[in-house]
Undergrad: 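My questions all concern the structure below.
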Amino acid sequence: MTMAENKNTLASLVKKCKSSKKQKSANSCKESNRVQNKSIKSKIIEKTQKYLNTSCMALPGDNVSQERYLEYVDNLPEYGGLNIVPDAVVPSDSRKGEDEDYSKKTLPEGLVIKSSEIPEAGLGVFATKLFPSRTRFGPYLGKIEKNKIKAEKTGFSWQIYKNGKASHFVNADDPSNSNWMRFVNCSRSEGEQSVQAYQHRGQIYFIAPKAIQPNTEILVYYGDKYAKLLGIPLQKSEQSKKKQADNQKGNLHCNFCPLVFVSFHFYIESHLKHQHPEHYWNLINMCQRKDTTQTDSETCEISKQPNKSCACYLNRRSKAKRFTCNICAKTFASRNSIKIHVFTHTGEKPFQCDVCNRKFTLSHFLTRHKLVHSSEKPFVCNICGESFKQPSSLGSHKSRKHNDLRQSFKDAGQRKQYACSFCRKMFSRPYCVKKHELIHTRKQFPCDKCDQNQQNKSCTCYLNLHTNSKFKEKKFACNLCAKKFTFLRSLKSHVFTHTGERQFHCDVCGGQFSQLYILKSHKLIHSSGKKFICDICGECFKHQNSCLSHKCRKHSDSIYTSSKQKLLTENGKSHLPLCDVCGQSFASSFSLKRHQLLHTRQQLMCDKCDQLFETAGILKRHKC
Ligand SMILES: C[S@@+](CC[C@H](N)C(=O)[O-])C[C@H]1O[C@@H](n2cnc3c(N)ncnc32)[C@H](O)[C@@H]1O
């Protein structure tokens, strides 16, 4: 029997069961139904275990969009962060791999494991308290299983993807080697699902897109194939129905991730701009260049929306912010926003609480205030689980009780692990990368007098600086050497090099210097701390240059391998600049240039202390 035939038999068994249920009256057939249900279920299980090589729980959507989906469920402040619910700490007398109840003991507070409300589904997990939206559970724990057949035999394996390809499974079949998430059952429709499974850094997490109400069963969608086996309608068809309905409603499907939007403005200005900045700026540039009279039938290459929508949007965009406040001259895009803004000047508070009559300027202030009169506490501390009515109470609770922990999270977050996709510069937070990446995607200002493109400079002041220094008339000439300067201050500073005058004095040792920057650099000698520390061997330096040249001399291998590891792409290929002499790759072109000095042997030695320097400038400064 082929697998397709098996699946057909399975489907017909489920169908038969449903139709036979209808035919018999409830009272007369109770017993035979029970027996039949049981035998059908055991047949399903038997078939599942025997043949079904698609029985593993898999993430919805194609693998690539799954990977793209990650950033939306990541702990980004612009999405409101996550309410992270970690597993409960298991008592030390319960040993992983030995205690059969181990997985149950990992159940976090606010959840309970009991019989599922879904017929024949066995145990399930229920909420006993409210979990706010964007609550994240997990990761799903189990054994790493590479053997597909073994993984597929159980109903507890989630497929893990790497670079868009199925990689391995996490199998929670063994209750002593897994966590509570193994008890979460499969939703029977998309609407019933209370948490969505997603993969993050090679692990499966469940996230609640909406608040989970107390006394409801936590259900997750297992994926089309497995759901089909359980007799659950295919998610795919629901999805495509939804997409169709969305299209009819005029909703927008983002072309670069699985999200759907209702408002064109929100999609472009909030989502595209911050999540896919390179496409945002391409779109703006491209649409502005194009003739805005294009027809609906043409599709915008970037947004994949009808070109007309882009053109209309851009027209509206240029007209945006035309409402100016007469009092403070602040501008607003809509009449409504300016109306609300004016209340801040007039002191008018049009929103009144019907319980205590307190008045508010904005409706959302009133909504938040109303929580005071209800028992609902939707703001849950992700560290200890205590819940609060107001976000401010949660904030002060965290500062009072968990300041140490917050600090350590903060420190951990400050490790630079996010790379700019253009120049590979590292940042500690995703939004810092995004902000930085705008430098690359924004309009650049080429200099029309020379070939130099003011790369990475997003503002005209850089261009002005460049043109001033290169092309502005140098009207200030030195009487002693005829060297010319654009600015008087540069000439004044230069003259000291002839007169030997050293107008900058060190207040510690009385040393005198002709330039301020030399004095500043000198002062480091007197500071007790050597503030530049080599992150490889821990040696300390007073000057950054000394630290850098130490690293180049002593650790050129390890510096670059560690940064390279971070910057390798997921398929193992490197986008890093390569040295054409030795083939070594580097985190940035700056590091490459610095390294290349080793090959060109452009090192200059100080004749007093034998220290090596990369440039004449650094050597000169050192000698002063
Ligand atoms: C990950 S386990 C869930 C926990 C399971 N209910 C238990 O008692 O251990 C998956 C198994 O639960 C059952 N199950 C989950 N969702 C179901 C559903 N909607 N309908 C029927 N059975 C379901 C199936 O037997 C499936 O193989």
Side-chain angles (χ1 to χ4, degrees), residues 6-7 10-11 13-15 17-18 21 33-34 36-60 87 99-107 111-127 137-143 145 149-160 169-199 203-206 216-235 238:
N6 274 319
K7 280 188 203 164
L10 205 60
L13 278 171
V14 177
K15 243 186 196 171
C17 169
K18 283 180 187 162
K21 259 189 194 169
N33 264 350
R34 201 182 58 78
Q36 201 172 1
N37 276 344
K38 209 173 170 186
S39 72
I40 285 171
K41 197 194 173 198
S42 58
K43 272 184 188 152
I44 289 176
I45 291 167
E46 191 188 305
K47 304 244 175 210
T48 313
Q49 291 178 345
K50 214 166 171 187
Y51 303 103
L52 216 90
N53 63 358
T54 52
S55 66
C56 287
M57 300 181 275
L59 303 162
D87 283 5
D99 182 357
E100 280 295 296
D101 281 340
Y102 184 89
S103 51
K104 287 188 179 164
K105 290 178 183 166
T106 63
L107 192 72
L111 295 175
V112 65
I113 297 173
K114 59 181 185 178
S115 278
S116 168
E117 278 165 2
I118 302 176
E120 309 283 336
L123 293 175
V125 181
F126 291 76
F137 301 103
Y140 186 90
L141 297 184
K143 274 193 191 155
E145 184 62 78
I149 298 166
K150 271 192 199 166
E152 284 165 352
K153 272 187 182 168
T154 77
F156 295 87
S157 297
W158 278 96
Q159 173 82 71
I160 303 292
F169 302 88
V170 47
N171 184 355
D173 189 25
D174 177 0
S176 71
N177 240 320
S178 49
N179 66 349
W180 64 275
M181 291 167 83
R182 71 187 296 281
F183 294 103
V184 175
N185 282 320
C186 180
S187 65
R188 289 161 295 183
S189 66
E190 211 187 348
E192 200 182 35
Q193 136 170 300
S194 49
V195 286
Q196 280 170 2
Y198 74 99
Q199 186 183 314
Q203 293 192 296
I204 297 292
Y205 291 85
F206 293 168
T216 51
E217 180 165 3
I218 300 207
L219 296 171
V220 66
Y221 195 69
Y222 287 177
D224 296 351
K225 289 168 184 168
Y226 195 55
K228 192 175 177 186
L229 174 82
L230 294 171
I232 296 164
L234 268 183
Q235 196 190 35
E238 280 201 29

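In listed order, ligands and their atoms are each counted from 1.
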Undergrad: Which ligand 1 atoms are under 4.0 Å away from a heavy-atom of Ile118?
TA: 18 (C), 19 (N), 20 (N)
Undergrad: Give a yes or no answer on whether the side chain of Thr106 reaches the backbone of Asn179 with a donor-acceptor pair at less than 3.5 Å.
TA: no
Undergrad: From the options Asp173, Ile113, Leu123, Asn185, select the one whose nearest heavy atom is closest to atom 14 (N) of ligand 1.
TA: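 Looking at heavy atoms only, Asn185 sits closest to atom 14 (N) of ligand 1.
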Undergrad: What atoms in ligand 1 come closer than 4.0 Å to a heavy atom of Val184?
TA: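 Atoms satisfying the 4.0 Å criterion: 1 (C), 3 (C).
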Undergrad: Suppose we screen for salt bridge (Lys or Arg N to Asp or Glu O under 4.0 Å). Which residues come up paired with Asp99, at least two apart in sequence or across chains?
TA: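 With sequence neighbours excluded, Asp99 shows a salt bridge (Lys or Arg N to Asp or Glu O under 4.0 Å) to Lys105, given in chain and number order.
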Undergrad: Check whether any N or O atom of Cys186, backbone or side chain, sits under 3.5 Å from an N or O atom of ligand 1, and answer yes or no.
TA: yes
Undergrad: Looking at Gly142, is its backbone amide N or carbonyl O close enough to the side chain of Ser178 to form a donor-acceptor pair, meaning the two atoms are under 3.5 Å apart?
TA: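 Answer holds: no.
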Undergrad: Could you tell me whether the side chain of Lys104 reaches within less than 4.5 Å of the side chain of Leu123, counting heavy atoms only?
TA: yes
Undergrad: Apply salt bridge (Lys or Arg N to Asp or Glu O under 4.0 Å) to Lys150 and list each qualifying residue two or more places apart in sequence or on a separate chain.
TA: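 Checked Lys150 against salt bridge (Lys or Arg N to Asp or Glu O under 4.0 Å); zero matches.
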Undergrad: Using a strict 4.0 Å cut-off to heavy atoms of Arg182, name the atoms of ligand 1 that fall inside it.
TA: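 Result: 1 (C), 2 (S), 3 (C), 4 (C).
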